[in-house]
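Report on one structure; see the data block that follows.
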Number of protein chains: 2
Amino acid sequence: MVTSDLGAFAPKYQRVANDLRRRIRQGEWQPGDRLPAETALAEHYDLSVPTMRQAVAVLRAEGAVESRHGVGTFVKEERRLQRRSRDRYGRARKDSRLLTAHLEHTILSAGRGPLPAHIAAVLDDAEPGDEVVIRRRLLTDPKTGTPEEVGASYVPLGIAAETFLEEPTVVPKAMFLCVEELAGKRYAQARDHWIARLPTPEETQVLGLPTGAPVMHVIHVARAEDGSVLEVSESVWPADRIMLIDEYPVEPEAAMPEAPSEI
Amino acid sequence: MVTSDLGAFAPKYQRVANDLRRRIRQGEWQPGDRLPAETALAEHYDLSVPTMRQAVAVLRAEGAVESRHGVGTFVKEERRLQRRSRDRYGRARKDSRLLTAHLEHTILSAGRGPLPAHIAAVLDDAEPGDEVVIRRRLLTDPKTGTPEEVGASYVPLGIAAETFLEEPTVVPKAMFLCVEELAGKRYAQARDHWIARLPTPEETQVLGLPTGAPVMHVIHVARAEDGSVLEVSESVWPADRIMLIDEYPVEPEAAMPEAPSEI
DNA sequence: CTCGCTAGGTCCTAAAGAGGACTTGAGGAC
DNA sequence: GTCCTCAAGTCCTCTTTAGGACCTAGCGAG
């Protein structure tokens, strides 16, 4: 009953989108292939071009196809980067390189600024507007030139003020190793906040996203043994490029103090 | 340079969507308030109704507003359920209740079936099509009647065959406690795969999602001490209702064996 | 008072068409 | 050969127009 008449009374653009998706999955067009032009598709499905465009827009938002203005619409390869939340520190400590060495790092800006509200919201001990050192970065695939990640790091003034972290140049090693050195404390605990959402207009532009494509957003809070914040880092990826993997032991008894809450 | 002329040459529907978003953020309309009708908005912004609708569709996909057919468009409350990945077992073991006691559970189906390809893809030791016991569930907010989560559990035949897990009735306690009892093994390790994407047509219908709204999807693999799979569970939420929180210690030295890879 | 009908307002889908912007490739000028 | 120009093909934005579906409130009949 619940899943009975799916598609029977669905709008045309959805039915057509479903059919196109199926044809792509079945391999009628391979990754990289160009789909027929919108006018040709509209004729084939016997509907108007605007409605046809609406159907293609669905697949574009899903990341199944990519439209190039003036050129055509192409099937995209399904490819998700697997990212592990927990091992980032251990691995980088070992070889001391940047965490994402295969990508090209660009520093969009660096310097002091106010703590954004959405960052302060996940901290108990900070207010929006507090002055911190902010480093905004962009990671690009050097092979294709595709932007893969945009993000920022927020470091307390007491650690980063008057240091090279205020300079808009790429740091020589993993960011957290620099912070540890400057702060004289080790990273001891971390908390990640993961949300999926649609991008801001800025993110749409910087990441070159098609309209309607979602992003994955993580805010990473790192603290020292004494509980003080060493760094807050946030990253935004195109959702269709990323899979987060989290591996952990199941504690036989222990329970955490708080119940799930809402904000 | 990178973020200079944002919006200057953006299409109308985007500029209008941005303006509407700003007005909502600034409190011009409170959560629950009805926006002016599309015809009125179109007149106010001096553009056609279809273009106006496209602008509103942006906010709808973002989860900022909700349109009710024949009634109007209303500002939604921003409200994310915080969900912790790590403490689900500890807490449930403590009071033995269902993990999400405040939601109403419905079993959509239960019985044997083939393992879906996207589940097999995250397992090393299973093939798509393997016969397992599948329980599909829907969680609803009893206060509002809103569907909040749709998901499924996959349990090996060796554990669940010929048991009450094949019956489409709600289990009396947390699912994993039932599995532990039937298998005679404890849950020891877990691995979560998080992805954000646009929903399938089925999910759109079951969760009552507006077009273009993304979902968060997790596949949770639970194994016993000996490495055998006890249960694979997957859940899908509307993305604008959920925030995943993950808290963990930073290991001072240890590194995990494998580098990030692609699939 | 209760019930059912109706009218008006609202959002939803669809078509047809015009103009614009972008890319590519062919042909001609140098 | 190299560079430029141009035309064709493609996707992008926006408008105008039409009809349908859905909900609510008000009115009248019983």
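Naming: A, B, ... by sequence-line order, numbering from 1 per chain. Keep in mind that what you see is a predicted model, and the values were worked out from it rather than measured.
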What is the distance, rounded to the nearest whole Å, between atom CG of L59(B) and atom P of dC11(C)? 13 Å

Can you check whether R34(A) has a side-chain N or O nearer than 4.0 Å to OP1 or OP2 of dT10(D)? yes

For the side chain of Y13(B), starting at C-beta, report the closest nucleotide among dT10(C), dT10(D), dC14(D). dC14(D)

Could you state the interatomic distance from CG (L244(B)) to CE (M216(A)), rounded to the nearest 0.5 Å? 8.5 Å

Is it true that E66(A) and K76(A) make a salt bridge, defined as a side-chain N closer than 4.0 Å to a carboxylate O? no

Which whole-number value in Å describes the distance from K12(B) NZ to dT16(D) P? 9 Å

Is any side-chain N or O of R68(A) closer than 4.0 Å to OP1 or OP2 of dC22(C)? no

Contact list for DNA chain C against residues 40-51 of chain B - heavy-atom distance below 4.0 Å: none

Take L103(B) and D141(B), measure what side-chain contact (heavy atoms from CB on, under 4.5 Å) needs, and give me the verdict at the end. CA-CA 5 Å; L103(B) 295 178; D141(B) 185 330; 4.3 Å; yes

Under-3.5 Å donor-acceptor pair between H69(B) side chain and dC22(D) base: no

When E234(B), M175(B), H220(B) are each screened for side chain to side chain contact (heavy atoms under 4.5 Å, CB included) with S153(B), the one that passes is M175(B)

In this structure, which one of R23(A), E28(A), R22(A) forms a side-chain hydrogen bond (donor to acceptor under 3.5 Å, both in side chains) with Q26(A)? R22(A)

Quick test of your reading of the model: are E149(B) and R137(B) salt-bridged, counting only N-O distances below 4.0 Å? yes

In V65(A), T73(A), L20(A), the residue satisfying side chain to side chain contact (heavy atoms under 4.5 Å, CB included) with W29(A) is L20(A)

Compute the bend angle of the helix from dC1(C)-dG30(D) to dC30(C)-dG1(D) from the end axes (five pairs per end), rounded to 10°. 0°

Return the 5'-most residue of the pair M52(A), L35(B) with respect to DNA chain C, ranking by each residue's nearest nucleotide. L35(B)

Identify which nucleotide among dC14(D), dC12(C), dC12(D) has an atom closest to any side-chain atom of P11(B), counting heavy atoms from C-beta outward. dC14(D)

Option among L207(A), T211(A), V206(A) that satisfies the side chain to side chain contact (heavy atoms under 4.5 Å, CB included) test with L209(A): L207(A)

Pairing donors with acceptors under 3.5 angstrom, does anything connect the side chains of N18(A) and R15(A)? no

Return no unless some side-chain N or O of T73(B) is found under 4.0 Å from OP1 or OP2 of dT10(C). no

For the pair made of CZ in F74(A) and C1' in dG9(D), what is the distance, rounded to whole Å? 12 Å

Distance, rounded to the nearest Å, where Q54(A) contributes CD and dC11(D) contributes P: 16 Å

Of all the choices, dC12(C), dA14(C), dC12(D), which nucleotide is nearest to the side chain of R53(B) once you look at every atom? dC12(C)

R60(B) CZ to dT10(C) C1', in whole Å, measures 12 Å

